[in-house]
Amino acid sequence: MKSYKLIVVLLIVSFVLALTGCAPKVVKETVVVEKQVEKIVKETVVVEKPVEKPVEKIITATPEPKGPVTITFWSAYSPNEIDVLENSVIPAFEAAHPDIKVEHVAVPYDEFRRKLVTAIAGGTVADLIRADIIWVPEFADMGALAVLDESMPDFDTYAEAVFPGPLSTNFYNGHYYGLPLDTNCRVLTYNKAMFAEAGIDAPPKTIDEFLAACEKIKTLGEGKYGFADGGTYAWAVNPWIWSFGGDVTDPGITKTSGYYNGANTVTAYEFLKKLLDDGYMHPGIVVGGLDSWGGFGKGEIAMILEGPWFPPIFEGMYPEVEYGLALMPAGKGGPISVVGGEDIVLTQQSSHKEAAAEFIRWMLSPETQLSMAETGQMPVLSELLDTEYMKTHPFYGIFLEQLKTARARTPHPAWPKMEDIMTSTGGAILSGERAVQEALDEAADQMDGLLAAQ
Amino acid sequence: MLSVKPRTRLALTAYAFLLPGLALFATFMIYPLLKALQMSLYEWSIFPGRESSYVGLANYAQAFRDPIVTLAFRNTLLYMAITVPGQMVLAMIAALLLNSIVRGRVFFRGLYYLPVITSWVIVSLLFKYLFEWPNGLINYLLVNVFHLIAEPVQWLYQPSTALVAIMALGIWKGIGWSMVICLAALQTIPPQLYEVASIDGANAWHRFWKITLPLLRPTVVFTLVMLVIGAFNVFISVALITGGRPQHKTEVVLTYMYHQAFDFLDFGYGAALSYLLAGLILVLSFLQLKVLRRPQELY
């Protein structure tokens with residue numbers, strides 16, 4: 001009995017201790033609750049505002065607003081572009097559309113496609129995506145994108161306002177799945193100080209002149225390279241294939257045999273191999289890990305191919321380095337570069353398609369296009385071509401000139417696999433593991449299989 | 001009143017307690033496992049609501065024809081064959097050394113264990129910088145400090161040397177784990193055994209081979225099985241250091257599976273590859289336990 005009593009006493013003591021221990025907490029919690037009440041009061045004030053706004057809404061004739069909707073927009077914009085987008089473009093849009101909030105999420109480019117794939121599979125993808133032009137056919141094929149020419153009533157107005165080339169990257173299986181947002185291509189970018197030192201007075205216009213320039217740069221000494229590129233992927237290799245008159249597929253994208261292993265493509269790969277073997281091209285194209293901007297800025301690399309994002313960012317990194325821009329050196333096929341850029345696409349899973357379409361319109365307005373143009377995002381609106389801004393722009397002129405002949409990488413759902421084969425094949429050729437013709441024959445055979453499977 | 005037998009009642013209580021854990025296990029382990037098995041038999045479309053077509057064992061058949069799969073399995077086996085013994089031998093040495101010191105044992109144990117608890121992502125990136133060409137620290141030491149080689153090595157861009165870097169990381173990061181287990185086992189060996197052996201005239205070498213090692217046998221078998229499974233699952237370091245480059249030559253099974261699923265959207269093929277790997281691990285683990293486990297002999 002005694003021990004029983006003891007336990008009861010102990011229990012009571014522990015309860016008391018627990019209570020006293022809790023006591024201050026309870027007080028704190030009530031404080032928190034009071035604060036929450038305050039918050040709620042503030043929030044109700046916020047809620048009142050949209051109640052006034054629908055009146056405006058009715059005037060602008062945009063249908064069915066039921067309180068503010070939030071649309072999400074994913075992109076791989078770089079920091080200086082994000083700055084303009086988040087601090088001026090989106091706030092201006094939200095001010096003009098009080099019932100729509102835009103949540104922008106920036107994803108690093110290298111992880112972007114994988115993030116999209118997982119998000120699409122999980123049903124958590126954003127309303128709007130700024131997609132690399134080369135992804136659109138694949139995502140459209142998957143069923144992930146809304147058919148924009150059907151879900152956006154004024155699609156045609158916008159389709160007519162933009163450059164036809166970038167617009168065509170949204171076309172898949174008879175429909176348009178997006179609108180172009182920005183466009184670009186690569187042009188020859190050369191280091192003026194290195195050119196002067198090597199006695200080259202003008203940028204090379206042809207591939208022969210390009211080779212001659214590389215030869216002169218080599219005389220500058222060890223560790224000086226005429227040219228550099230980051231790898232054997234299509235973005236790097238295709239400009240050479242096309243300029244040499246070769247191609248990856250036939251115009252109808254039904255086969256690669258006879259094109260990717262055709263005589264002109266073989267010459268292009270042989271040319272790149274020779275550049276590497278003669279020490280004209282930085283070995284980074286095979287071994288990777290190349291810091292081409294660093295090498296270019298430090299006067300180790302004389303020529304690179306760059307897009308319109310280069311000038312604003314590079315000038316911030318190496319303000320005293322003088323560089324020039326010129327067309328891709330011309331070969332048998334002409335001075336052909338590769339088209340890049342991004343499209344804005346609306347996802348099938350979006351539950352705010354109206355609001356999202358409104359943001360697409362905003363992104364394609366002349367004002368937005370011009371403010372993004374400041375960061376090197378080349379506008380896609382034809383009407384801007386005649387503006388003073390574009391005519392007197394320090395570097396858009398050369399890119400517009402190059403765009404006239406620049407070509408797009410194969411718009412096909414099987415493209416990621418095809419490019420993987422091309423990258424491996426290029427690596428095997430440049431590292432000397434495989435003979436050019438034999439490697440290209442095998443690659444063309446594999447890619448034929450991919451195209452046939454679709 | 002419903003009458004329930006006390007025994008059944010007890011069982012029901014037990015199940016009630018097990019239920020939350022079991023539910024989590026079923027949701028996050030069993031369901032994905034079965035789902036992946038299903039995917040491996042389909043040409044899987046990841047878009048929700050899209051039809052996936054049943055292809056039977058075609059994905060598995062494709063794996064046997066794919067030369068990169070062969071290469072990936074070869075690299076994975078090589079990784080296992082080198083990192084598992086590497087970790088075990090070095091961990092054993094570290095454990096024996098730590099067991100023989102008294103001062104600073106806790107400190108060094110913590111130090112050796114540090115790589116184990118650091119993130120794979122961080123140490124992978126660190127190793128990538130160490131082995132960078134031409135200006136990484138390893139090249140700097142080899143060329144400029146010790147003058148062992150004349151030209152910097154392109155460590156990460158040649159398949160063989162890239163695998164060296166990846167395996168070095170695997171061994172370095174794994175030593176601590178095996179060491180802690182070894183050390184714990186060493187401390188369970190009764191010191192009288194060594195005393196008796198010493199009296200009988202056994203030297204340190206004999207004592208290690210005849211007493212320490214046999215008594216550590218269950219521990220060694222356990223670490224072996226665990227490390228082999230771990231080695232087959234090598235992924236993050238390869239994905240971050242080489243990503244399979246150049247030309248898929250440094251690919252291991254899981255990185256290739258990842259490329260297939262998330263880069264080429266071939267989820268069915270990716271699932272089939274992971275099932276092949278799982279099958280191999282299962283068979284090997286079973287064989288290891290069957291062959292190596294013996295009843296405890298002493299005491």
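Throughout, a chain's letter reflects where its sequence line sits, starting with A, and its residues are numbered from 1. Keep in mind that this is a model prediction, so the values were computed, not measured.
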More than 12 heavy atoms of other groups within 6.0 Å of B:Arg245 CZ: no
Selection from A:Gly143, A:Gly284, A:Pro416 maximising heavy-atom pairs under 4.5 Å formed with chain B: A:Gly143
Side chain proximity check, B:Gln247 to A:Thr232, heavy atoms < 4.5 angstrom: no
Heavy-atom neighbours of A:Lys255 NZ exceed 12 at 6.0 Å: no
Considering all heavy atoms, the nearest A:Pro283-B:Trp133 contact: CG-CH2, 3.7 Å
Contact origin within B:Lys249 toward chain A - heavy atom pairs under 4.5 Å: side chain
Flag side-chain contact, heavy atom, 4.5 Å: A:Val286 against B:Gln154: no
side-chain contact (heavy atoms from CB on, under 4.5 Å) evaluation trace for B:His248 with A:Asp420: CA-CA 10 Å; B:His248 296 293; A:Asp420 184 60; 2.7 Å; yes
Nearest-0.5 Å distance that lies between atom NZ in A:Lys417 and atom NE2 in B:His259: 13.5 Å
Neighbour count >12 (heavy atoms, 6.0 Å) for atom OH, A:Tyr318: yes
Exceeds 12 heavy-atom contacts within 6.0 angstrom, atom CD of A:Glu150: yes
A:Arg113 to B:Phe262 - nearest heavy-atom pair and separation: NH1-O, 3.8 Å
B:Glu43 CD: over 12 foreign heavy atoms closer than 6.0 Å: no
Within 6.0 angstrom of A:Met317 CE, more than 12 heavy atoms from elsewhere: yes
Under 4.5 Å from a heavy atom of chain B, the part of A:Ser431 involved: side chain
Crowding at CZ, A:Arg114 (>12 non-hydrogen neighbours, <6.0 Å): yes
